[in-house]
Amino acid sequence: MKQEQSNKLLLIDGHSILNRAFFGLPDLTNAAGQHTNAVYGFLNIMFKIMDTEKPSYLTVAFDEHAPTFRHKMFAEYKGTRKPMADELRQQVPMMKQMLTAMGITVISKEGLEADDLLGTMARLAEDQGMEVTIVSGDRDLLQLATDHTKISIPKTKKTGTEIENYYAADVAERYLVTPTEFIDVKALMGDTADNIPGVPGIGEKTATAIISQYHSIEAAHEAADQLRPPRAAKNIVEFYDQAVMSKELATIEVHADITYDLQAARLTDIFTPEAYALCKEWEFKNLLGRFQIQAPRNVAEDAFSQAEDTQSLTAFAEELAKGQASYIGLYLAWRQRSAKEWEDASLAKDGDGQLSLFTSQKISEDACQEYEIYGIALSDGEKSLWAPMDDISCITQVLEHLIAQGKRLACMNVKEAIKICTPHLQERFLHYENVYDVAVAEYLLQPLKNTYVAEDLASEYLGISVPGYGETFGKRSLAQALEEMPKEFCSYACYEAYICSRVAGMQWESLKEKQMDDLYRDVELPLIFTLADMELEGIVIDAKALEEYGGRLMGRLVELEQKIYDEAGEEFNINSPKQLGLILFEKMGMPGGKKTKTGYSTAADVLENLAPDYPIVADILEYRQLAKLKSTYAEGLSNCIAPDGRIHSSFQQTVTATGRISSTEPNLQNIPIRMELGKLIRKVFHPKDGFVFVDADYSQIELRVLSHMSGDQNLIHAFLQGQDIHRSTASLVFHTAFEDVTELQRRNAKAVNFGIVYGISAFGLSRDLGISKKEAGKYIDDYFLAYPRMKEFLDGLVAEGKEAGEVKTMYGRIRPIPELSSSNFMQRQFGERIAMNSPIQGTAADIIKIAMVHVHDRLQKEGLASRLLLQVHDELLIEAKEEELPVVKKILQEEMEGAAKLVVPLTIDMHTGYTWYDAK
DNA sequence: ATGATCACG
DNA sequence: ACGTACGTGATCATC
């Protein structure tokens, strides 16, 4: 950023602004669990002022010891003096680190408050003819305002940050006293937060009135007999010494004994690579745009060579193969066609008879049909190379060659590489041993990150800054980027390969340190292959049946819509919660269950309470249900059917905080089952000809995991006896003989069991059961009496979470919990529930992942045609060849139940059928 | 882009 | 005094 020459000095009251930012912004944390909101807010305020002021000099002043600046900070915070919040304290050194990285002068001095530093520097600078701006959230600084020193006070408002500016004249206008007199006003009225006693009985109004007339405490004292409120007059005399002392305390030092080298505070470019790296690390994505940094040159640009043809690529690859590097970074560029493009392609080809290209058979023969390949980047951790290439066989040739040399391929997305490189019927040349997924490994180390991209890894592991895809290419697709910015594209691809190759080894060491190397090697990495095959396989959908289903919904929806309009007396958008709320609660005057920030809540549980009294509500509920089924499932699924007649959902391995996998485009993990009408959707999921579905789901896996991890004998006993677990809980909690447990008792006990797994809270349980919080609390107490080890275990998890900042599953998967160190009670409470839930949910997730890998590998090893298609958290769906049915069932039973050795047995329920509906 | 709602485990 | 059950993703409306 080019600085205009000016004689402007910007001074920032560091702690004050940091504090402002901290309380003005919601708690932000980065993936590493660091709190960042204050630093982020500070930078925003600083940039905003710099943009308008364009100063040539800048200095930030801090108090020497953070706790000594306690004062005004918490004055606005209910007047109580708490220790500085931990989340804020942590950010003080971070802020200084950022400022230092930006080359900004940071000043602090033992025994001096920031106020005194600011005052002194301002005077020094003004004496040298500078224009000074002091930024602070503290109005006490107004006493420093002159004709050449401006006090800027940022205000965080809804619309953004607004800044109030005060020169001496502005102070006089706003407060009716001069900046110097402002001291006397404060001395009279006092300030508890600052330990300034003031004069009793004199508040802001009286103080201002007195000083604006007499201009100083001394003068007011002399004229005490004329002072207006008699009580003030009396007290000014009686407490005169105290008033004088207060004035001394309130006065900011402007001649402090410091050396301040103005020239050293001259601004150069603050957008340095170091600052950029910090912005990346702390995830200040909005600020990155301010940095002009292009691909940094510290990775030796000239090391990148560009190959135009396959031959030179092969030559380079051979060269790489001879090298010593144990990891070869790999970056495959691909673009998955959208459903729309498939549609267009099919239509276009329809006329000239090439539709067969997109039939199911063709695709299963050569899954690469799905991709457009643009090229490949390779790196050995020193040199990198990008080779444009659209023929997958050239790529596989090179990779096979590298693998034959014993190299390991490290890349950002092994699953896609597998899908691209491994046509179904060919023997797979990518194996567990010769690939390494940098993103999946990073997910284990930092499971809370939103994205796993090379540039973040570069700054974390290598300390270098690389622009992200969007920074260079904006919203361009890969194809557009390659077309319009070939040079940058080359650089980008090369960097990605370079980073993967460099990071892999370091990351592996981190995994070992954190004792997650086994988890990675034995579970997550093999799982990549399992998921790739599941995605390639897809699941057959009966498109016609799906359309009929949608049609049926449509018919009823039209009826309901009209009925609702009639009942409401007008037409409106039933899908709009806002409009619906107005109709129900204002126009029709229903008793307002008020909720949500934006207005009335119209959520199902609210409407259900109204349904018995208002027929329209029942219709709306039915309408909602049908609309959901139609848009999300009937239409949503239909849009995802590939030309092969199947749906190829994506399974995400780096998304959830607990270690579960998730499913997208479409989500096949939330297909309706609870309501019969929704469950019917499952009839459109078919096995292919000659195959049959086998669906196996774990029975109570989370409670079994809990019984194992807690070691509670009562829970273990129930599982060992094969008892109905909710009935058993009811029996123990309600002191009822097992056989005499009522349905209601069982239902309540079931809710309690859920509560335990979720991280119990009386409120949550009471809401779920529709009972009072007190009753719910009693249930919980009784539960812990019945299961003595359970409280100990759950408290232990919370303690562990607080101690280590993270909790672990049985297999060592970690879940950081920054919420536990929050000063916000609710946040902390949330953290405690996470600490209780994550090890349980996560261990169950680990176990089914192990089962998936084992099932997948056995199907493969035993040469079966049956395939694993879906995972739904505690359930696996297999498409089994009919002849293989017995062996498939055996495999499922053995591998799912044998996936973990717990003190209680793991059991599954299994069903077969010719639709997913029938297999449940 | 965000919030509300609702589908699943 | 506060205001909550844990984990996801898709859709629609609204900003």
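Chain identifiers are assigned alphabetically (A, B, ...) following the order of the sequence lines, protein sequences preceding nucleic acid strands; residue numbering begins at 1 within each chain. Keep in mind that what you see is a predicted model, and the values were worked out from it rather than measured.
The nucleotide whose nearest atom lies closest to any side-chain atom of A:Ser662 is, among C:dA13, C:dC6, C:dT8, C:dT8. When each of C:dT11, C:dT14, C:dC6 is scored by its nearest atom to the side-chain atoms of A:Ser576, the top-ranked nucleotide is C:dT14. In this structure, of B:dT5, B:dA7, C:dC12, it is B:dA7 that holds the atom nearest to the side chain of A:Asn670. Residue A:Thr656 places its side chain closer to C:dT8 than to any other of C:dG3, C:dA5, C:dT8. In the set B:dT5, C:dC12, C:dT8, C:dT8 carries the atom at the smallest distance from any side-chain atom of A:Val655. You'll find that the side chain of A:Phe825 is closest to C:dG3, out of C:dG3, B:dA4, B:dC6. The nucleotide whose nearest atom lies closest to any side-chain atom of A:Lys773 is, among C:dA5, C:dT4, B:dG9, C:dT4. The nucleotide whose nearest atom lies closest to any side-chain atom of A:Arg833 is, among B:dC6, B:dG9, C:dA5, C:dA5. Nearest nucleotide to the A:Ser761 side chain, out of B:dC8, C:dA13, C:dA5: C:dA5. Here C:dC15 is the nucleotide among C:dG7, B:dG9, C:dC15 with the atom lying nearest to any side-chain atom of A:Lys578.
The ring-ring contact (aromatic ring centres under 6.0 Å, His included) search around A:Tyr452 returns none, not counting sequence neighbours.
Residue A:Thr602 has a polar side-chain atom (N or O) positioned under 4.0 Å from OP1 or OP2 of B:dT5. For the pair A:Arg767 and C:dT4, the criterion of a side-chain N or O lying under 4.0 Å from OP1 or OP2 is not met. When the side-chain nitrogen and oxygen atoms of A:Asn573 are compared with OP1 and OP2 of C:dA13, one or more of them lie within a distance under 4.0 Å. OP1 or OP2 of B:dA4 has at least one side-chain nitrogen or oxygen of A:Thr598 nearer than 4.0 Å. Between A:Thr658 and C:dC6, a side-chain N or O to OP1/OP2 separation shorter than 4.0 Å is absent. Side-chain N/O atoms of A:Gln841 include none lying less than 4.0 angstrom from OP1 or OP2 on C:dT8.
Salt bridge annotation for A:Lys449-A:Glu442: absent, with no cationic side-chain nitrogen under 4.0 angstrom from a carboxylate oxygen.
With rounding to whole Å, A:Asn450 atom CG is found 14 Å from B:dA1 atom C1'. Computed from coordinates, the A:Gln871 CD to B:dG9 P distance equals 12 Å when rounded to whole Å. Summarising the geometry, the separation between CG on A:Asp605 and C1' on B:dC6 is reported as 11 Å, rounded to the nearest angstrom. Going from atom CD of A:Glu832 over to atom C1' of C:dC2 covers 15 Å, rounded to whole Å. One interatomic measurement links the two molecules: CD of A:Gln579 to C1' of B:dT5, which rounds to 16 Å at whole-angstrom precision. Here C:dG7 presents its P atom at 15 Å from CZ of A:Arg813, a figure rounded to the nearest Å. Rounded to an integer number of Å, the gap from A:Leu580 CG to C:dT14 C1' is 15 Å. The distance from atom CD of A:Gln829 to atom P of C:dC6 is 10 Å, rounded to the nearest whole Å.
No contact: A:Leu629 has no heavy atom under 4.0 Å from any strand. Backbone-only contact: A:Ala604 has heavy atoms under 4.0 Å from sugar-phosphate atoms and none from a base. At a threshold of 4.0 angstrom between heavy atoms, the contacts of A:Glu665 are confined to the sugar-phosphate backbone, with no base atom among them. Across all strands, A:Ala844 comes closer than 4.0 Å to no nucleic acid atom at all (heavy-atom distances). Across all strands, A:Phe830 comes closer than 4.0 Å only to sugar-phosphate atoms, never to a base (heavy-atom distances). Here A:Val872 lies in heavy-atom contact (under 4.0 Å) with sugar-phosphate atoms only. Residue A:Asp874 is classed as a sugar-phosphate contact, given heavy-atom separations below 4.0 Å to backbone atoms only. Backbone-only contact: A:Ser663 has heavy atoms under 4.0 Å from sugar-phosphate atoms and none from a base. Among the atoms of the strands shown, base atoms are found under 4.0 Å from some heavy atom of A:Gly755. Using a 4.0 Å heavy-atom criterion, one finds that A:Ala762 contacts no nucleic acid atom at all. At a threshold of 4.0 angstrom between heavy atoms, the contacts of A:Ile673 are confined to the sugar-phosphate backbone, with no base atom among them. Nucleic acid contact for A:Glu875: none, since no nucleic acid atom lies under 4.0 Å from a heavy atom of the residue.
A distance-only check finds a donor-acceptor pair linking the side chain of A:Tyr469 to the backbone of A:Arg476 [under 3.5 Å]. Counting only distance, with no hydrogens or angles, the side chain of A:Arg682 and the backbone of A:Trp916 share no donor-acceptor pair below 3.5 Å. Between the side chain of A:Thr602 and the backbone N or O of A:Gly581, no donor-acceptor pair lies under 3.5 Å.
The side chain to side chain donor-acceptor pair (under 3.5 Å) contacts involving residues 755-770 of chain A comprise nothing, where partners must be two or more places apart or lie in separate chains.
One side chain, A:Asn753 or A:Thr729, offers a donor N or O that lies under 3.5 Å from an acceptor on the other. Judged by distance alone, the side chains of A:Asp846 and A:Thr809 do bring a donor and an acceptor atom under 3.5 Å apart.
Base pairing in DNA chain C yields stems of at least 3 consecutive Watson-Crick or G-U pairs, both distances under 3.5 Å, namely B:1-9 with C:6-14.
Taking the P atom of each, B:dT5 and C:dT4 are spaced 13 Å apart, rounded to whole Å. One C1' atom belongs to C:dG3, the other to B:dC6, and the distance between them is 22 Å to the nearest Å.
In this structure, A:Tyr787 has its ring center closer than 6.0 angstrom to the ring center of A:Tyr783.
In this model, no side-chain donor or acceptor of A:Arg815 finds a partner on the base of C:dG7 within 3.5 Å. Judged by distance alone, with hydrogens and angles left aside, A:Arg624 brings no side-chain donor or acceptor close enough to the base of B:dT5 to form a pair under 3.5 Å.
The only option from A:Glu524, A:Lys415, A:Lys849 that meets the side-chain hydrogen bond (donor to acceptor under 3.5 Å, both in side chains) definition with A:Gln653 turns out to be A:Glu524.
Seen from the ring of A:Phe763, A:Lys773 does not count as a face-on cation partner, given the 6.0 Å and 45° thresholds.
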